[in-house]
Structures are given as structure tokens and as C-alpha cells.
Amino acid sequence: MTSPSRTFDSGISRSRAVLAEPPPYWSYSALREVAACPLRYCLEHASYPDLWSHQGYPALPSPASLFGNVVHGALEVILKALSEAAVASPSDEEATHVLMRLGGLRAVIESETSRQLEPLEENPRLSDERKRRLRRQLREQTQNARSQVQTYLSRTQFVAGPPRAGRAGSRHRPSAEPERQELADGSHAEVRLVAEDLRLHGRVDLLMIHGAQVDIVDFKTGAESPSHADQLRLYALLWSADEKSNPRQTPATRLAAAYRDHDVDIDVPDPAEMARLSATVAAEISIASREAGSDSPAARPTAETCATCSVRQMCHCYWASVAPPEPPVQDDCWFDFEGAVGEENGQRSWWLLDAAGTRQLLLRSASNDPGFAVGDAVRLLGLRRESDPDVAFPIGAITAASEVFVLEASG
């Protein structure tokens, strides 16, 4: 018998959330998301049948995040092909042949770029203009992405092993997860590790085995962060607890975060530290499962957490405690604001009123159709503060990067 759907009333038009059940296996990133804000995690992973047919709330990607995904995705494809061909180094002649079979580095970059851009077409949060800008900005970075991937590859060493039957000549990702089995000596890219008893899983970028020597390498396209060390220690725990990939329970001997121009080695947890880490993760998973399965997930609004939250427009706690109650004073800063749309003040400008009907700011838009009508209650993300010597009130400019959300109670 199926359990009844758990829903969340976001208050936003077409944004009724049907909450998902907790996942059967938790990842490092998912545990961090729940710990930061259970409500944010639940809303980002819910379904929105009135908005679109996909799972999860539509993301709002930035050029920087898309670029990082292209670099990391291209590395995944190439490392997988090189490891399956059992090359000892990306500088070997065989590595050159593998890249040629992939169509060349530029072809891999372009394929990954198209893969990142494809989901944008159905994204209801993106205007046509915003999609065009993202496509242009990402494609203009092809050469930069190629340079970065080459730099990562030039610093990567492999452990040679017997060639494996795989997809060394394809830059396309497999449609199904390969069957998990004991990993032999050699290099293995994009390895899914699972700790069944803990209900924990993760995907390692590169795992190299040479007898008792086991290296776990995670490629990072962003800035250094303490969380990267925590993630690698969790991968060491996964490797030690994965009974299919590592039935002999060979411990990891090296953990490394690989950045573009340097590696950072992380201390491998000793047996006592591993036991404490396992107990800590088990407790975190228990809490996360309870939070994610709640009918009323808790919100934990803070200025830092909410600043990067993609679903803050639906969080009542954010608007009550974090969003600015008044427009900022300084020009050219970006801010969120809530109010009711009052009468027009000329072409493509409207007054935004508070609950008492008092004017708070003047809204200006470059579009004749800003996404709201007079009388609507709205939540506005990413307004730009401006001023005008002829206007006594602060001005909130709706730009191509701004978002307008109409509350269901409007009208």
C-alpha cells in the first residue's frame, strides 16, 4: 500500500510541493544539505506537478556553476576512458589514441557543454533571454574549459592494469549503472561505493589500486574548502565498508583533493577514527531520514544559508526573519523584497506597497510584461537598488537576473 502524499503549501502560484520520501541511500552532499536546512532539502527534491513534470524544483544555474560542471564532466568521460584502456599516464601514446577515439578533447568539451545546456530548455524559471545569455557565455568558455581539463590531466597519474571491456571509444554516458563487483588492481574512474549497513553511498572520481596501496582522488574545480577533506574521509569509510567493491576490506592509504594546479593530501583516518566516523555518520543518517520524512520539515534560516538558497521564495521563515524589511540604502546592490503591486507610475514602473498600503519602493522593469499585475502580492528575488533625483523613493530595478513570484492569495 502506498503512503499518502506529503505536501507543502508554498504560497506561490503553481508551486504546490509534493514531498519525496527519504532516499534509500544517503550521500555526503545530501547529508550536508539536510543539516543546513531540512526544509530547503525537501523543497529542492520535491515534485511540482503544477509547474513541470521533472523531479525537484527547477534549478537556477549560474555561468560559473555550469562551467565547473563542464570541466568536471569532461574529466569524468576522459578519465573513465583512460582507466578502461589501462593507460599508465595521460602522456602515453595509448592515451592519445583513446582521446582520438573520443573525438578529441574539444569534442568532449562541446558534448559536455551541450549536456549542461540541454536541461535549460524546459526550465520554467529561465526566460528566453536568460537562456540565450547562458548558452552564449558557456560556449564562449570552450577554450578555457579545454585548457583547464588539459591541466588536470597533465597532473594525473594512473596505476596500469589489464584493459577492461567498457566504452573507451565513446564520450556518451552509459544509460544503466554497471553491476558492482570486486575492483582489481588498476585505475577505476567514476566508482560508485556503497555501505549497505550505513545506507551511505558516494561516487569517487578516481580510485587506484596497486596491491595494498589504494589511492582515492577527488577532482575539485572550485576553491579549497574544509568540506573537501570531510568528503574524502567519508569516501575512505565507504571504501572500507563496501563489501562488493572491496570484500577484502583493504584500507585506503592515500586521500587527495586534486585542484587545478596542486593536490592537497588528507590524512587517512586510523581504525579508531574510522569507527567514530562510522558512528557519527549513522547518527546523521538517522536524523536526516527523520527530517526528510517529516510532514513539516524544519526551516533553519540564516543570512549565509539563505543567500544561496534556490527555494527561498517559498520559505515563510526567510521572509519573516532574514529578507530585508526595507530596501537597502546603497545603490547597485542586489536584494529580495516582498509587497503588493500598487498603481502604475508611468511606463513600465509600479509602486510596491506594504501590508498597510504604504509605498515602499518604485519598481522598474525593462519589459512590458514583468510577470505581475496591479493588485498582486509578490515576492521579488534579485532586485537591483537604484536611485533617481526625480524620485523620492528607492527604486528596485527588475533585471534579466531578477525573478518575480506571485502569491496565490493575489487578486
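Computed over heavy atoms, backbone and side chain alike; hydrogens, waters and symmetry mates excluded. The structure presented is a predicted model; accordingly, all values stated were derived computationally and were not measured.
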Between [X] and [Y], do the side chains contain an N or O donor and an N or O acceptor separated by less than 3.5 Å?
| X | Y | value |
| --- | --- | --- |
| S89 | S91 | yes |
| W26 | S289 | yes |
| Y318 | E338 | no |
| T151 | S154 | no |
| H54 | N123 | no |
| D332 | Q330 | no |
| S227 | S225 | yes |
| S296 | S294 | no |

Judged by atom type as modelled, is there a donor-acceptor pair below 3.5 Å linking the side chain of [X] to the main-chain atoms of [Y]?
| X | Y | value |
| --- | --- | --- |
| S187 | V159 | yes |
| D92 | A95 | no |
| Y152 | K220 | yes |
| R6 | A20 | yes |
| S286 | A282 | no |
| R348 | A366 | yes |
| W334 | L381 | no |
| Y57 | S15 | no |
| D376 | V406 | no |
| W239 | T250 | yes |

Give, for atom [atom1] of [X] and atom [atom2] of [Y], the distance between the pair rounded to the nearest 0.5 Å.
| X | Y | atom1 | atom2 | answer |
| --- | --- | --- | --- | --- |
| N246 | K244 | CG | NZ | 14.0 Å |
| H210 | T253 | NE2 | OG1 | 11.0 Å |
| I266 | R254 | CD1 | CZ | 10.0 Å |
| T221 | N69 | OG1 | CG | 7.5 Å |
| L383 | L361 | CG | CG | 7.0 Å |
| L277 | D270 | CG | CG | 11.0 Å |

Below 30° counts as parallel, above 60° as perpendicular, anything between as tilted: where do the rings of Y25 and H201 land? tilted
Would you mind writing out the side-chain donor-acceptor pairs for residues 32-46 within the sub-3.5 Å range, not counting sequence neighbours?
unit_1: R40; atom_1: NH1; unit_2: T305; atom_2: O; d: 3.3
unit_1: E44; atom_1: OE2; unit_2: S310; atom_2: OG; d: 3.0
unit_1: H45; atom_1: ND1; unit_2: Y41; atom_2: O; d: 2.8

Can I get a per-line list of side-chain donor-acceptor pairs under 3.5 Å for residues 138-148, giving both atom names and the distance, sequence neighbours left out?
unit_1: Q141; atom_1: OE1; unit_2: N144; atom_2: ND2; d: 2.9
unit_1: T142; atom_1: OG1; unit_2: R139; atom_2: O; d: 2.9

Under a 4.0 Å N-O cut-off, is there an ion pair linking [X] with [Y]?
| X | Y | answer |
| --- | --- | --- |
| D9 | R16 | no |
| R300 | E291 | yes |
| R233 | D267 | no |
| E129 | K131 | no |

Which pairs pass ring-ring contact (aromatic ring centres under 6.0 Å, His included) with one or both residues in residues 244-293, sequence neighbours excluded? H228-Y259, Y259-H262
Can you pull out every ring-ring contact (aromatic ring centres under 6.0 Å, His included) where at least one residue sits in residues 286-312? Sequence neighbours excluded, please. none
Output all residues satisfying side chain to side chain contact (heavy atoms under 4.5 Å, CB included) with A401, sequence neighbours left out; order by chain, then residue number. R130, T399
Audit row: R135, E121, salt bridge (Lys or Arg N to Asp or Glu O under 4.0 Å) steps and yes/no: CA-CA 10 Å; R135 283 194 294 265; E121 296 306 315; 2.7 Å; yes
Set of residues satisfying side-chain hydrogen bond (donor to acceptor under 3.5 Å, both in side chains) with respect to R14, sequence neighbours excluded: none
Around atom CG of D197, are there more than 12 heavy atoms from other residues, nucleotides or ligands closer than 6.0 Å? no
Taking atom CD as the centre, does Q137 end up with more than 12 heavy-atom neighbours from other residues, nucleotides or ligands that are less than 6.0 angstrom away? yes
Evaluate the side-chain hydrogen bond (donor to acceptor under 3.5 Å, both in side chains) criterion for residues S114 and S111: first the C-alpha distance (whole Å), next the side-chain angles of each, then the deciding distance (0.1 Å), finally the verdict. CA-CA 5 Å; S114 296; S111 176; over 6 Å; no
Begin with the C-alpha distance, continue with both residues' side-chain angles, and end with the deciding distance and a verdict on side-chain hydrogen bond (donor to acceptor under 3.5 Å, both in side chains) for S365 and S367. CA-CA 5 Å; S365 172; S367 170; 4.8 Å; no
